[in-house]
Amino acid sequence: MLDIKAIRRDPAAVAQTLARRGMTFDVEQFTALDARRKQADVDSQNLQAEHKKASKQIGVLVGQGTSVEDAKAQVKETLDKIAAELDDLTAQAKTIQAEMEALLLGTPNLPDPDVPDGNDESANVEISRWGEPAEFAFEARDHVALGEALGQLDSETAAKLTGSRFTVMYRDLARLHRALIQFMLNLHIGEHGYTEIYVPYIVNSDSLRGTGQLPKFEEDLFKLHAEHDLYLIPTAEVPVTNIARERIFEAEEFPEQGLRFACHSPCFRSEAGSYGKDTRGMIRQHQFEKVELVQFVRPAQSDDALEELSGHAEKVLQRLELPYRKVVLCVGDLSASAAKTYDLEVWLPGQQAYREISSCSNFRDYQARRMQARWRNPETGKPELLHTLNGSGLAIGRTLVAILENFQQADGSIVVPAALAPYMGGTERIGGQ
RNA sequence: GGUGAGGUGGCCGAGUGGUCGAAGGCGCACGCCUGGAAAGUGUGUAUACGGCAACGUAUCGAGGGUUCAAAUCCCUCCCUCACCGCCA
């Protein structure tokens with residue numbers, strides 16, 4: 001949610017910045033609505049004050065010994081006059097208030113000035129590359145062919161159990177999948193200063209509103225058939241970020257470098273609107289695992305924090321010896337809540353392409369304002385909105401895909417990256433022998 | 001799942017219809033006292049919105065209702081605790 005005060009200060013500038021996203025922010029509509037809101041507020045509040053005063057007068061009179069009936073009679077005329085208008089005015093004020101709320105909730109974040117223009121991913125700008133895509137002396141296969149040949153990747157059985165876009169894994173592949181989770185968590189908590197956290201995988205609608213999945217993107221979520229609004233999490237970002245919701249961190253519990261949480265969780269996405277996309281293999285599933293990094297930082301720190309956080313995700317790829325590139329998303333590819341996003345794209349020999357494996361974003365105070373996530377600034381003594389960031393560090397399924405494809409051998413076996421050795425119980429190669 | 005008791009300010013806790021945004025205490029801040037400290041003592045101490053300000057409005061788990069007036073009464077829901085039942 002944007003700061004309504006900032007919009008008031010310079011609505012044209014806000015409209016101009018949002019126009020970069022291809023979004024029309026109607027300044028006149030906003031200004032008019034805001035003026036109506038304020039007028040309705042003032043009017044109803046004044047009337048309420050009068051009403052309250054008259055009511056209290058009854059109390060005072062009764063306290064002085066007047067009978068209740070007599071006291072009522074004395075102020076009846078005033079009260080009747082007020083009552084005639086009051087309901088109408090407060091209802092009006094509420095409606096306008098709700099309109100404004102809806103407008104703000106539906107308005108996306110302002111992209112940072114250094115985010116490039118563009119309509120879609122083709123306009124994303126590459127920042128760096130790491131590693132060399134391997135040259136194979138044989139025809140590189142994709143992860144589906146490799147996994148099925150090993151007899152360890154089985155989408156057919158998953159389709160029987162549930163449906164499309166699910167996977168069953170066996171033996172070393174299942175273990176490799178688990179090893180990746182352990183490896184990533186240990187790296188982030190051991191070397192990058194993150195606190196490990198475990199959270200619910202089912203959240204309420206307040207949490208989803210806080211991080212921005214609601215109200216606009218309900219169709220991407222799995223909603224539970226329950227009396228109250230409960231959803232499967234689409235990412236650990238939701239529960240982890242929301243631990244700060246409606247909370248004020250005191251300065252001593254909010255260190256200079258901010259709060260960092262690393263969380264492994266399954267993620268559930270309906271993938272509505274992605275029919276036909278990535279239908280083969282494990283790239284786009286309804287259920288996948290991810291290690292998520294979430295940071296709460298002081299506003300002055302969030303620029304640096306994004307660089308650091310994306311660096312933490314990069315470190316995972318480097319340790320796993322997976323070639324990748326880093327891109328900054330253009331405005332058109334930026335999610336609604338984000339001010340700036342780096343994507344890490346890993347090289348997939350099976351597709352001869354770089355594919356997204358991590359997305360690291362600075363949300364500035366956009367999520368924090370929705371959540372009322374604050375810290376007490378010792379300089380002012382006042383609660384102030386903090387900044388939130390998150391990034392995948394990394395998506396497990398896609399990392400598994402990358403390992404299969406990048407470490408494949410001529411005989412179809414897979415060499416296990418050295419970094420995973422401690423987690424694989426001595427297995428250095430999957431398949432072959 | 002059943003039964004019972006509860007949810008009030010940073011914390012504890014009083015308040016069962018009327019000058020209650022809320023007694024009292026703790027904590028915290030500042031001052032006095034002191035050579036310094038402790039003790040003592042005085043003052044202050046929630047958040048949001050509107051207003052230059054005085055101040056106004058809202059918030060006593062959430063939502064709805066009754067009433068001139070609700071922390072207080074009624075309804076629905078959520079949560080916590082205790083006991084019982086069931087259970088990975």
Side-chain angles (χ1 to χ4, degrees), chain A residues 1-9 30-31 33-105 198 200-210 214 224-231 239 242-254 266 365 368-386:
Chain A
M1 191 150 65
L2 298 180
D3 183 3
I4 190 164
K5 287 179 187 162
I7 304 179
R8 278 185 200 131
R9 227 175 287 129
F30 169 82
T31 312
L33 183 61
D34 195 38
R36 278 203 296 141
R37 186 203 56 81
K38 187 164 170 179
Q39 194 55 50
D41 242 35
V42 170
D43 288 350
S44 74
Q45 283 190 11
N46 285 343
L47 204 59
Q48 273 177 61
E50 273 182 60
H51 184 255
K52 207 168 162 176
K53 211 167 129 193
S55 270
K56 278 198 173 165
Q57 189 56 27
I58 298 180
V60 171
L61 290 170
V62 170
Q64 287 167 350
T66 316
S67 79
V68 176
E69 280 68 31
D70 288 349
K72 276 171 84 165
Q74 284 188 42
V75 295
K76 185 175 189 319
E77 204 182 322
T78 322
L79 275 174
D80 283 352
K81 213 163 59 187
I82 296 169
E85 274 183 276
L86 188 59
D87 280 356
D88 211 36
L89 268 182
T90 43
Q92 219 176 81
K94 251 189 191 169
T95 309
I96 298 172
Q97 200 86 257
E99 255 180 83
M100 182 57 94
E101 181 90 0
L103 177 70
L104 289 177
L105 273 179
Y198 172 84
Y201 302 151
I202 294 174
V203 292
N204 58 35
S205 54
D206 286 341
S207 294
L208 288 157
R209 219 180 325 279
L214 290 180
L224 296 185
H225 184 72
E227 204 170 318
H228 290 277
D229 287 353
L230 296 177
Y231 300 80
N242 273 278
I243 64 176
R245 173 152 55 86
E246 288 151 54
R247 196 174 156 172
I248 301 170
F249 291 102
E250 296 303 326
E252 62 268 22
E253 50 183 358
F254 198 64
D365 61 11
R369 186 170 293 104
R370 285 167 164 253
M371 293 192 298
Q372 285 302 299
R374 292 170 291 177
W375 67 295
R376 196 176 297 278
N377 185 343
E379 282 172 32
T380 60
K382 292 278 187 190
E384 296 175 11
L385 293 172
L386 44 78

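Bear in mind the structure is a predicted one, so any value in this text is a computation, not a measurement.
- In this structure, A/L79 reaches the sugar-phosphate backbone alone: every heavy-atom distance under 4.0 Å involves primed, P, OP1 or OP2 atoms, never a base.
- B/C83 and B/G2 make up a base pair, with Watson-Crick or G-U wobble contacts both under 3.5 Å.
- Across all strands shown, A/K56 has heavy atoms under 4.0 Å from sugar-phosphate atoms exclusively, and none from any base.
- Using Watson-Crick or G-U wobble geometry with both donor-acceptor distances under 3.5 Å, B/C60 finds no partner in any strand shown.
- The two residues A/E253 and A/R247 make their nearest non-hydrogen contact at OE1-NH2, 3.5 Å.
- Comparing B/C68, B/U57, B/C49 against the side chain of A/K52 picks out B/U57 as the nearest.
- Across every strand in view, B/A88 sits unpaired, with no contact that passes the Watson-Crick or G-U test at under 3.5 angstrom.
- For B/C49, neither phosphate oxygen OP1 nor OP2 lies less than 4.0 angstrom from any side-chain nitrogen or oxygen of A/K38.
- Shown here is A/E77, whose CD atom has no more than 12 heavy atoms of other residues, nucleotides or ligands within 6.0 Å.
- Taking a pair to require two hydrogen-bonding distances under 3.5 Å in either a Watson-Crick or a G-U wobble arrangement, B/G50 pairs with B/C55.
- Closest heavy-atom contact between A/Q48 and A/L86: CG-CD1, 3.8 Å.
- When rounded to the nearest whole Å, the span between CD1 of A/I248 and P of B/C28 equals 19 Å.
- We find that A/E99 and A/R37 are not joined by a salt bridge, their nearest charged nitrogen and carboxylate oxygen being 4.0 Å or further apart.
- Using Watson-Crick or G-U wobble geometry with both donor-acceptor distances under 3.5 Å, B/C26 finds its partner in B/G10.
- A sub-4.0 Å separation between OP1 or OP2 of B/G50 and a side-chain N or O of A/R8 is present.
- The partner of B/A37 is absent, by the rule that a Watson-Crick or G-U pair needs both atom distances under 3.5 Å.
- Contacts of A/K53 with the nucleic acid, taken as non-hydrogen atoms under 4.0 Å apart, are absent.
- Listed pair A/R247 / B/U47 fails the phosphate criterion, with no side-chain N or O lying under 4.0 Å from OP1 or OP2.
- The shortest distance between the side-chain N/O atoms of A/Q45 and the OP1/OP2 oxygens of B/A58 is not below 4.0 Å.
- When both pairing distances are held under 3.5 Å, B/U67 makes no Watson-Crick or G-U pair with any nucleotide shown.
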